[in-house]
Amino acid sequence: MAGSVIVVVGTQWGDEGKGKLVDLLSGEADICMRFQGGGNAGHTVVNDFGDFKLHLVPCGIFNPDCICILGTGTVVDPQSLLEELQTLEQHGVLARNMLVSGRAHVVMPYHKLLDQVEDEARGAYRVGTTGRGIGPAYTDKVARIGIRISDLLDEVILREKLAVVVQRHNALLTNIYHQPPLDLEELLSQALAWGRQLRTRIIDTIPLMRLALRAQKNVILEGQLSAMKDLDWGSYPFVTSSSPTAAGAALGSGIPPRDISRIIGVAKAYSTQVGTGPMPTELQGAEAENLRKLGGEFGATTGRARRVGWFDAVVTRFVTELNGCTDLSITKLDILDNLAEIPVCTAYRYKGELLNDLPDTAQHELCEPVYEILPGWQTSTLEVRRLQDLPYNARAYLDRLTQLVNVPLHSVGVGPHREQTILA
Ligand code: GDP
Ligand code: IMO
Ligand code: MG
């Protein structure tokens, strides 16, 4: 892949297996950058170094020649980042190439507190956030009172900015949420300590990316979540506070849209979601238990049981079109190995009408899935490494999904390990 910018995005509700794919592709990458989100991500990588759940560090970190960057569009909890880097180093992973954009925003301790109390207060519109302070950190950014990573290096600026934020949030925290007030000096000394520890990793990404593009380097832009949780295009208000799309990748990385060469959408062979929001193919009871158990569907960040259901082609088609996906990576095919029959949602029924397109949140909530039942293959695919060696019905299943979504197949996941991947 000489001189390419590849964007990897989810095409369902997150947790599609983006981390595994980014780890694999990063073997040939010069730069791997996260462009939005923060510690709400839980990207699982299983390779010869071990089994990792990365929240902030990009999944290119296992290639010592790959520069990993937390881009300008991200929100970074410095304490979590430092702890994650320490864990990686304890496992023999060199993290010296890990950099952070000085323009990225800081997730402060009060953002995590606000995340919890504000989500509780949403009542019926509770999002079920990861509690990592993501929404409040982006809220401060938009309100133009956010603390940027580069601010951690300047005591005078930091004191001035924190004084404004603390006054504002204290009014809210003490009066509305009945929490103890924040202490300016305590926050300041904590934040300055983070600045000292991260100093050598903080950069202006613009010159670096400019040089990389001119020198035809291979860049991977690692998305978090999926457009179903996009602030504008997802199931609002049951969304995150950033844009996990290819457009968001250009914005958050500072790479011009025309320099993006490929956009790989990642889709699980079935559906999962964490948190609230519509999910027409969601299963209940024993059927849900069974699929959840087969897929090990528990959140990588919060450990919550993920909601599970059948593949929803309406959702994935919507997301891949929105992103302009050039490729589709289907993961966790092996999880369906033992099933006799596999339903696939091809359209919705809404108030008696047949819908092929995704409606907005309130109508989506009321949609009923129209299923096509495909035959299972009831053979293990864990050891398969070439498309032509897959059982006939597994090939037919993949063919049907790519036909419904109308994006060519890039790869297929047949197990959690990096090696358990079939490249199409
Ligand atoms: P991400 O957030 O998109 O990176 O995905 P997560 O790591 O949250 O969730 C994906 C889960 O599926 C992780 O436990 C992965 O180890 C696992 N996984 C990814 N691809 C495959 C696959 O093809 N087969 C199996 N069995 N597990 C996979
Ligand atoms: P990865 O990158 C799955 C969900 C939360 C909640 C909503 C908003 O591993 O795919 P937030 O904390 O962002 O304000 O929560 O989004 N959510 C995720 N679900 N995978 C993730 O990340 C998620 N990050 C956030 O459950 O519904
Ligand atoms: Mg995840």
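First listed ligand is number 1; within each ligand, the first listed atom is number 1.
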Exercise for the section: Indicate yes or no: does an N/O atom of K332 lie under 3.5 Å from an N/O atom of ligand 1? Expected result: yes
Handout entry: Sub-4.0 Å heavy-atom contact, G42 with ligand 1
Key = yes
Exercise for the section: Examine K268 against ligand 1 and note whether any of their N/O atoms are separated by less than 3.5 Å. Expected result: no
Handout entry: Minimum-distance protein heavy atom relative to atom 27 (O) of ligand 2
Key = K229 NZ, 2.9 Å
Problem - S4 and S261 side chains, donor-acceptor separation under 3.5 Å - result: no
Problem - Region of W13 engaging ligand 2 - heavy atom pairs below 4.0 Å - result: backbone
Practice task
For H364 and Y350, test the side chains for any donor-to-acceptor distance below 3.5 angstrom and give the result as yes or no.
Solution key: no
Practice task
Please indicate whether any nitrogen or oxygen in D334 is less than 3.5 Å from any nitrogen or oxygen in ligand 1.
Solution key: yes
Problem - Within-cut-off N or O pair, K18 and ligand 1, under 3.5 Å - result: yes
Exercise for the section: Would you mind listing which atoms of ligand 2 come within a distance below 4.0 Å of any non-hydrogen atom of G14? Expected result: 10 (O)
Practice task
Please confirm whether L333 comes within less than 3.5 Å of ligand 1 when only nitrogen or oxygen atoms on both sides are compared.
Solution key: no
Problem - Nitrogen or oxygen atoms of V46 and ligand 1 under 3.5 Å apart - result: no
Problem - Sub-4.0 Å atoms of ligand 1 with respect to non-hydrogen atoms of G19 - result: 4 (O)
Exercise for the section: Heavy-atom distances under 4.0 Å are what count here, so tell me which part of R304 touches ligand 2: side chain, backbone, both or neither. Expected result: side chain
Practice task
Please say whether G415 places an N or O atom under 3.5 Å from an N or O atom belonging to ligand 1.
Solution key: yes
Practice task
Taking only heavy atoms of G275 into account, list the atoms of ligand 2 that are under 4.0 Å away from them.
Solution key: 26 (O), 27 (O)
Practice task
For R306 and ligand 1, answer yes if some heavy atom of the residue is under 4.0 Å from a ligand atom, otherwise no.
Solution key: yes
Handout entry: Any H169 side-chain heavy atom under 4.5 Å of P181 side chain
Key = no
